[in-house]
> 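Starting off with a structure, shown below.
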Amino acid sequence: MKIIIIDDEPLARSIVKEYLQSYPDAEVVAECNDGFEGMKAILHHEPDLIFLDIQMPKINGFEMLELIENPPAVIFTTAFDEFAIKAFELNATDYLLKPFSRERFDKALKKYSDKSLPVPSTDAIVETASKEPGQQNRVVVKDGSKIKIIPVGQIQYLEAADDYVKIVTAEGNFLKKRTMGFFEQSLAIHHFVRIHRSYIVNTLLITRIDPYEKDSHLVILSTGAKLSASKSGYSKLKEVLGI
Amino acid sequence: MNPRKPKRNLIVGGIIYWAVISAVYSIILTGVLKNFNLTGIQIVMDALVNNILIIACCILIVNNMRYYLPRQEKYLYILTISLSLSGIISLVARGILWLLFHDDAHYLASFSQSSGIRFGISFLLIGCFAMMSLLWYTQEEQLTMNERKTDAERLSREAELFKLRQQLQPHFLFNSLNSISALTNSQPEKARHMIHQLSDFLRGTLKKDDQQWNTLEEEIQYLRLYLDIEKVRFGYRLQTEIIYAEEVLLSKLPALLLQPIVENAIKFGLYDTTGEVLITLEAAKENNYLKIIVQNPFDPETSQPLKGTGFGLSSIQRRLFLLFGRQDLLSTKRESNNFITTIIIPQTV
């Protein structure tokens with residue numbers, strides 16, 4: 001059983017290692033200080049199980065998981081994070097609250113190795129967790145092998161692209177595996193409106209709205225981009241802009 | 001302020017008023033009654049009876065207003081009460097004086113002739129007094145109301161300050177306990193040491209509740225305690241530097257102010273960058289201010305968008321506002337890759 005421990009505190013990692021000593025088949029293949037290292041190590045080692053802290057430098061545990069296509073089984077460790085705990089409970093995930101006892105640790109590992117129990121979907125946890133208001137100020141994407149953190153204000157618009165969403169910024173386009181519905185909901189507090197099945201626009205950048213064909217409009221951004229708005233999209237837009 | 005003082009003022013005022021009434025009344029009566037050729041004893045008795053009755057009315061009014069202060073149509077109330085009391089006085093005085101001097105036809109005739117003037121004088125005197133006590137009670141009510149208001153404001157301010165001082169990050173506490181748990185097996189001595197440090201730190205947050213101000217020296221000691229714990233948690237990643245001149249150590253600042261500022265710097269320094277992080281704190285005296293500058297590195301590209309002063313410094317700002325009534329004591333700025341927090345503390349000598 002290959003295991004990776006991701007936590008920014010060395011002592012917090014050491015206690016997991018210590019508890020793992022009583023599991024002869026457990027092998028800690030990597031220890032990581034932050035989500036960047038964690039992501040690389042997971043892609044490189046393909047572990048069976050990871051221990052993951054939530055609050056970490058640069059990107060948190062949830063944001064790291066978002067970037068991995070087929071994440072391994074996860075046991076979350078956290079000291080105090082009300083929102084994360086709520087996300088775990090909603091998705092029936094096991095998590096360890098620091099400081100945790102050996103008994104509690106053993107229970108978590110037993111739950112993991114018990115194949116009869118359904119494995120909770122990591123995607124669902126991450127999706128729940130990213131609804132936290134504090135998480136919605138930025139979007140984390142993978143840019144080749146690098147990780148890019150996009151502040152929400154820098155997003156010009158989003159465009160549907162099959163299973164992905166294309167995020168358009170001044171620095172280029174990025175793909176993120178999420179639904180349009182997800183962004184429509186989470187970005188609503190940041191002046192974003194879904195004007196079309198395929199478009200979500202940053203309303204702060206709109207400079208003009210022109211009629212276009214029947215029942216549809218053309219939304220023009222200060223960047224020069226032209227996006228079509230459906231009939232229902234246009235009425236949503238009018239409501240948000242107060243016109 | 002002694003709350004008994006205004007009450008004594010009313011008594012003194014009442015006595016003076018009584019003296020003035022007596023004097024005025026005696027002079028008027030003497031002057032008026034002299035024209036009627038009355039005997040000395042009649043004048044004195046007449047004045048005495050009227051005076052005592054008027055004073056009795058005044059006492060009645062004061063007592064009445066102590067329990068009931070008219071709020072609407074107070075002037076109508078005063079007019080009515082003065083008119084009716086003056087009427088009653090005239091009748092009662094007449095009755096008493098008739099009993100005393102009923103066989104003196106000349107006196108009784110003069111009494112009838114002067115009844116209009118008597119009524120007028122009584123009305124004026126009672127009316128004046130009623131007005132005076134109305135003003136006095138209204139003012140006193142206002143005073144107690146203001147006192148109550150300032151009391152309530154002071155209490156809520158103290159409660160808020162207390163809460164702001166006591167703010168302890170549960171994240172810090174649980175992570176520290178986790179570090180101790182990790183150390184118990186491998187390095188029990190170090191674990192015990194950390195338990196002591198954590199205890200001292202927690203005691204610090206608890207005991208200072210009655211003490212608003214600390215010297216910079218005490219604050220720095222407390223800060224070092226906190227930093228030692230954080231260094232156990234984060235290992236080599238956390239480097240700190242505290243710079244100050246000896247002479248600023250006796251400067252005063254609000255208790256437990258430095259630690260949350262540095263905690264904030266550490267939190268964002270450590271969570272915004274990877275690798276080693278250097279947090280610096282500089283303290284210096286500038287004119288009549290103690291100036292403290294805290295710096296932490298941050299990554300301008302990936303740092304989360306800030307709201308307001310950002311970085312969770314709003315509680316510090318609030319504390320400084322409650323203590324000094326100023327919003328300009330805390331400021332933040334970004335310089336290349338450093339986030340700089342500056343606070344200035346007025347030093348009142």
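Below, each value reflects all heavy atoms present in this structure, side chains not excepted, and no hydrogens, waters or symmetry copies. Order of the sequence lines sets the chain letters (A, B, ...), proteins ahead of strands, with each chain counted from 1.
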> Strictly less than 4.5 Å between heavy atoms, which residues of residues 225-235 of chain B line up against chain A? Please order them by number.
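Within residues 225-235 of chain B, the residues that come under 4.5 Å of chain A (heavy atoms only) are V232(B), R233(B), F234(B).
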
> For R192(B), is the CZ atom crowded, meaning more than 12 foreign heavy atoms sit under 6.0 Å from it?
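Not more than 12 within 6.0 Å, no.
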
> Around atom NE2 of H171(B), are there more than 12 heavy atoms of other residues, nucleotides or ligands at under 6.0 Å?
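Enclosed.
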
> Restricting to non-hydrogen atoms, name the atom on S179(B) and the atom on L11(A) that form the minimum distance, rounded to 0.1 Å.
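Looking at all heavy atoms of both residues, the closest pair is CB-CD1, 3.7 Å.
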
> Going by the rule side chain to side chain donor-acceptor pair (under 3.5 Å), which residues pair with D48(A) if we only count those two or more places apart in sequence or in a different chain?
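D48(A): no side chain to side chain donor-acceptor pair (under 3.5 Å) contacts found.
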
> Please check if atom CD in E246(B) has more than 12 non-hydrogen atoms from other residues, nucleotides or ligands closer than 6.0 Å.
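12 or below, so no.
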
> What part of Q55(A) is in contact with chain B, defined as an atom under 4.5 angstrom from a non-hydrogen atom: side chain, backbone, both or neither?
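Its backbone and side chain both get close to chain B.
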
> So which atom in F100(A) and which in N178(B) form the shortest heavy-atom distance, rounded to 0.1 Å?
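That would be N-OD1, 4.2 Å.
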
> For T273(B) and P57(A), work out which heavy atoms get closest and say how close.
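Minimum heavy-atom contact is O-CB, 3.5 Å.
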
> Nearest 0.5 angstrom please: E9(A) CD to R237(B) CZ, how far?
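Rounded to the nearest 0.5 Å, the CD-CZ separation comes out at 10.0 Å.
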
> Let me know if L270(B) has heavy atoms under 4.5 Å from chain A in its side chain, its backbone, both or neither.
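For L270(B), the backbone is the part near chain A, not the side chain.
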
> Identify every side-chain donor-acceptor pair in residues 183-191 of chain B under 3.5 Å, counting partners at least two apart or on other chains, and give the distances.
residue : atom : partner : partner atom : Å
T184(B) : OG1  : S181(B) : O            : 2.7
N185(B) : ND2  : E18(A)  : OE2          : 2.7

> Is there a side-chain contact between Y271(B) and D8(A) in this structure, where contact means two heavy atoms from C-beta onward sitting under 4.5 Å apart?
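Yes - at least one pair of side-chain heavy atoms lies under 4.5 Å apart.
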
> Measure distances from F172(B) to the heavy atoms of chain A and classify the residue's part below 4.5 Å as side chain, backbone, both or neither.
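Contact with chain A is absent: no heavy atom of F172(B) under 4.5 Å.
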
> Step through the shown structure and confirm whether more than 12 heavy atoms of other residues, nucleotides or ligands are within 6.0 Å of CD on E46(A).
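Atom CD in E46(A) is not crowded, with 12 or fewer foreign heavy atoms closer than 6.0 Å.
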
> Residues in salt bridge (Lys or Arg N to Asp or Glu O under 4.0 Å) with D34(A), at least two apart?
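With sequence neighbours excluded, D34(A) shows a salt bridge (Lys or Arg N to Asp or Glu O under 4.0 Å) to no residue whatsoever.
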
